[in-house]
A.B. asks: 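Pasting in a structure now, in structure tokens, and then I'll have a few things to ask.
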Amino acid sequence: MLTRRHVLSTLGAVSLAGLAPTRLAWAAAPTDRRFVLIILRGALDGLAAVPPYGDPDYRRLRGTIALAEPGQEDGVLDLGGRFGLHPALAPLHPYYQRGEMLVLHAVSSGYRGRSHFDGQDVLESGVVTPHGARDGWVNRALAAMPASGEVRTGLALGQTIPLALRGAIPVASWAPTDMPEVEPGLMRTIAQMYRGDPLLGPALDEGLKGQSFADQVMNDGDRMNQAPNGPPAPGRQQFRQAAAAAGRLLAAEGGARVAVLDVGGWDTHANQGGARGRLAGVLQVLADGVNDLAQGLGPAWGKTVVLVATEFGRTVQINGTGGTDHGTGAAAFLLGGAVAGGKVLTTWPGLGAGRLFEDRDLMPTTDLRSVAKAVLIEHLRVPSSSVETKVFPGAGSATPTRGLLRV
């Protein structure tokens with residue numbers, strides 16, 4: 001029985017757009033720097049993930065989902081005296097303390113509506129209007145990076161390739177699966193059958209090479225993480241599996257250098273909870289997944305930037321069902337050894353009367369595109385002219401944010 005991973009890596013080496021052969025090559029990458037985009041689908045409540053406990057209006061507006069101050073039972077983890085980190089994100093707090101995590105608050109894309117579909121489209125396409133482009137800003141950035149020949153620098157983790165990675169530049173993909181592996185030699189037999197085909201023959205051959213590379217990297221990682229008296233413990237969630245795989249594949253000498261993965265479960269209209277509950281569970285998965293990613297990267301973490309972002313935030317005030325509704329301003333995170341962290345970066349708008357966006361949402365004061373531009377220019381060395389005109393067209397007002405990365 002074929003697994004989806006084999007189909008993606010082998011038959012996926014054929015471009016469906018024009019059935020033109022492409023290469024799934026894992027050879028010398030054009031850079032030793034890594035970039036990972038993690039998309040939180042469903043709208044993360046930034047006021048819960050990073051509570052502004054020092055704001056005088058926070059506790060009144062948040063009601064029963066307000067979190068306790070640092071040092072109290074179930075209290076937030078302090079981020080410098082005014083903001084805190086949700087206790088479910090505790091695995092990430094050491095990164096902040098080591099200066100490897102930067103918290104961004106009151107951020108948003110250029111989108112000001114409240115549709116998940118449109119918001120995610122703008123977040124991933126990088127253009128001004130929903131459905132204004134059929135490719136994503138990460139793929140366009142790959143196209144503007146130094147020439148990499150036929151190396152697939154981009155890597156999608158999941159069952160489908162997200163819009164952010166779709167475009168003219170071919171990317172590799174990997175997805176966790178519970179389906180049984182194919183019998184050894186089956187794919188080689190199929191490749192032998194089509195060896196004389198000018199289209200499928202080369203595509204299958206290159207796909208098998210890419211699959212062999214991925215299997216070797218993943219199997220080596222499994223052996224390193226194997227318990228002394230048994231097989232490796234499976235990940236609790238697919239996101240954790242994908243994050244760990246991303247770390248190993250990006251760390252490999254011939255691996256990809258840019259990856260995109262996502263995790264859902266953030267649309268907390270009801271029963272959101274405070275220190276415990278529905279949202280806390282998803283935050284824990286995120287924190288564990290990012291930690292798995294860092295562990296998988298190993299020494300390569302020192303040259304990595306991870307951007308964690310969502311399509312928009314949620315309402316400031318709790319609703320009648322113990323949750324929050326679609327909002328605007330949110331929180332985001334930059335992590336990695338290349339990040340100049342250990343601080344909260346925000347122009348805090350406040351939560352008082354007259355300070356909210358449309359009298360209900362956290363007012364956005366930082367454009368996510370400014371953050372992404374800085375990462376692309378300063379970390380991946382994408383030419384600034386390409387970033388402004390091709391990667392994020394029409395976003396000239398979102399100037400690159402300085403001081404995000406280590407010099």
Side-chain angles (χ1 to χ4, degrees), residues 15 17-18 20 22-23 25 27-39 102 104 107-111 120-156 161-173 250 255-261 303-309 332 334 336 338-340 366-407:
S15 170
T22 59
R23 290 187 179 271
T31 178
D32 63 349
R33 302 180 180 212
R34 279 80 166 174
F35 171 64
V36 181
L37 172 64
I38 300 178
I39 301 171
L102 180 66
L104 305 155
V107 302
S108 73
S109 69
Y111 179 67
Q120 290 175 27
D121 186 273
V122 170
L123 176 66
E124 296 186 70
S125 70
V127 298
V128 178
T129 58
H131 313 291
R134 301 181 67 177
D135 56 359
W137 65 267
V138 178
N139 194 282
R140 295 195 298 272
L142 291 176
M145 288 177 65
S148 57
E150 294 177 327
V151 176
R152 291 197 173 187
T153 308
L155 173 66
I161 296 178
L163 173 60
L165 260 180
R166 295 179 204 162
I169 301 300
V171 298
S173 61
L250 291 170
R257 291 297 177 257
V258 176
V260 177
L261 59 160
K303 295 183 178 181
T304 297
V305 172
V306 181
L307 172 60
V308 183
L334 276 181
V339 173
T366 298
D367 195 317
L368 271 172
R369 293 169 297 182
S370 295
V371 176
K373 284 181 178 182
V375 172
L376 295 179
I377 295 171
E378 297 180 17
H379 183 62
L380 292 183
R381 299 292 192 259
V382 180
S384 58
S385 58
S386 296
V387 170
E388 295 293 349
T389 60
K390 298 178 180 179
V391 181
F392 290 109
S397 60
T399 57
T401 304
R402 303 303 178 188
L404 301 179
L405 307 178
R406 298 181 189 273
V407 178

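Numbering starts at 1 and runs along the sequence shown.
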A.B. asks: Could you pull out the closest heavy-atom pair between Gly126 and Phe392, with the gap in Å?
C.D. replies: O-CD2, 3.4 Å
A.B. asks: Would you say Lys373's side chain and Ala398's backbone share a donor-acceptor pair under 3.5 angstrom?
C.D. replies: yes
A.B. asks: Does some side-chain heavy atom of Glu378 sit less than 4.5 Å from a side-chain heavy atom of Thr401?
C.D. replies: no
A.B. asks: Who are the salt bridge (Lys or Arg N to Asp or Glu O under 4.0 Å) partners of Asp121, not counting sequence neighbours?
C.D. replies: none
A.B. asks: Is there a donor-acceptor contact under 3.5 Å from the side chain of Glu124 to the main chain of Gly136?
C.D. replies: no
A.B. asks: Search all heavy atoms of Ala395 against all heavy atoms of Arg369 and return the closest pair with its distance.
C.D. replies: CB-NH1, 3.5 Å
A.B. asks: Any non-hydrogen side-chain atom of Phe35 less than 4.5 Å from a side-chain atom of Thr304?
C.D. replies: no
A.B. asks: Check whether Arg406 reaches the backbone of Val339 with its side chain - one donor and one acceptor, N or O, closer than 3.5 Å.
C.D. replies: yes
A.B. asks: Write down the atom of Val305, the atom of Ala338, and the distance for their closest heavy-atom approach.
C.D. replies: CG2-CB, 3.8 Å
A.B. asks: If you look at every heavy atom in Val382 and Ala144, which pair is closest and at what distance?
C.D. replies: CG1-CB, 3.7 Å
A.B. asks: Can you tell me how far CG of Leu123 sits from CG of Leu163, rounded to the nearest 0.5 angstrom?
C.D. replies: 9.5 Å
A.B. asks: Hey, does the side chain of His379 reach the backbone of Arg34 with a donor-acceptor pair shorter than 3.5 angstrom?
C.D. replies: yes
A.B. asks: Could you grab the distance from atom CE of Met145 to atom OG1 of Thr153, nearest 0.5 Å is fine?
C.D. replies: 5.5 Å
A.B. asks: Would a distance-only check, ignoring hydrogens and angles, find a side-chain to backbone donor-acceptor pair under 3.5 Å from Ser370 to Thr399?
C.D. replies: yes
A.B. asks: What heavy-atom pair brings Ala340 and Leu102 nearest, and what distance separates the two atoms?
C.D. replies: O-CD1, 4.0 Å
A.B. asks: Is a side-chain donor or acceptor of Arg257 paired with a backbone partner of Asp32 at a separation under 3.5 angstrom?
C.D. replies: no
A.B. asks: When you compare the side chain of Leu334 with that of Val371, does any pair of heavy atoms fall below 4.5 Å?
C.D. replies: yes
A.B. asks: Is it true that Asp135 and Arg166 make a salt bridge, defined as a side-chain N closer than 4.0 Å to a carboxylate O?
C.D. replies: no
A.B. asks: Heavy-atom distance under 4.5 Å between the side chains of Val260 and Val36, does that happen here?
C.D. replies: no
A.B. asks: Evaluate the side-chain proximity of Ile38 to Val306: yes if any heavy-atom separation is below 4.5 Å, no if none is.
C.D. replies: yes
A.B. asks: Looking only at non-hydrogen atoms, find the nearest pair between Ser385 and Thr389 and report the distance.
C.D. replies: O-OG1, 2.7 Å
A.B. asks: Does Val122 reach the side chain of Val127, with side-chain heavy atoms less than 4.5 Å apart?
C.D. replies: no
A.B. asks: Check salt bridge (Lys or Arg N to Asp or Glu O under 4.0 Å) between Arg134 and all other residues, then give those that pass, not counting sequence neighbours.
C.D. replies: none
A.B. asks: Whether the side chain of Arg140 engages the backbone of Ala168 through a donor-acceptor N/O pair (distance < 3.5 Å, no angle test) should be reported.
C.D. replies: no
A.B. asks: Do Val138 and Val258 make a side-chain contact, defined as non-hydrogen atoms from C-beta onward lying under 4.5 Å apart?
C.D. replies: yes
A.B. asks: Just verifying a value: how many Å separate Leu37 CG and Leu307 CG, rounded to the nearest 0.5 Å?
C.D. replies: 5.5 Å
A.B. asks: If you round to the nearest 0.5 Å, how far is CG of Leu376 from OG of Ser384?
C.D. replies: 11.5 Å
A.B. asks: Can you tell me how far apart CH2 (Trp137) and CG (Leu165) are? Round to the nearest 0.5 Å.
C.D. replies: 9.5 Å
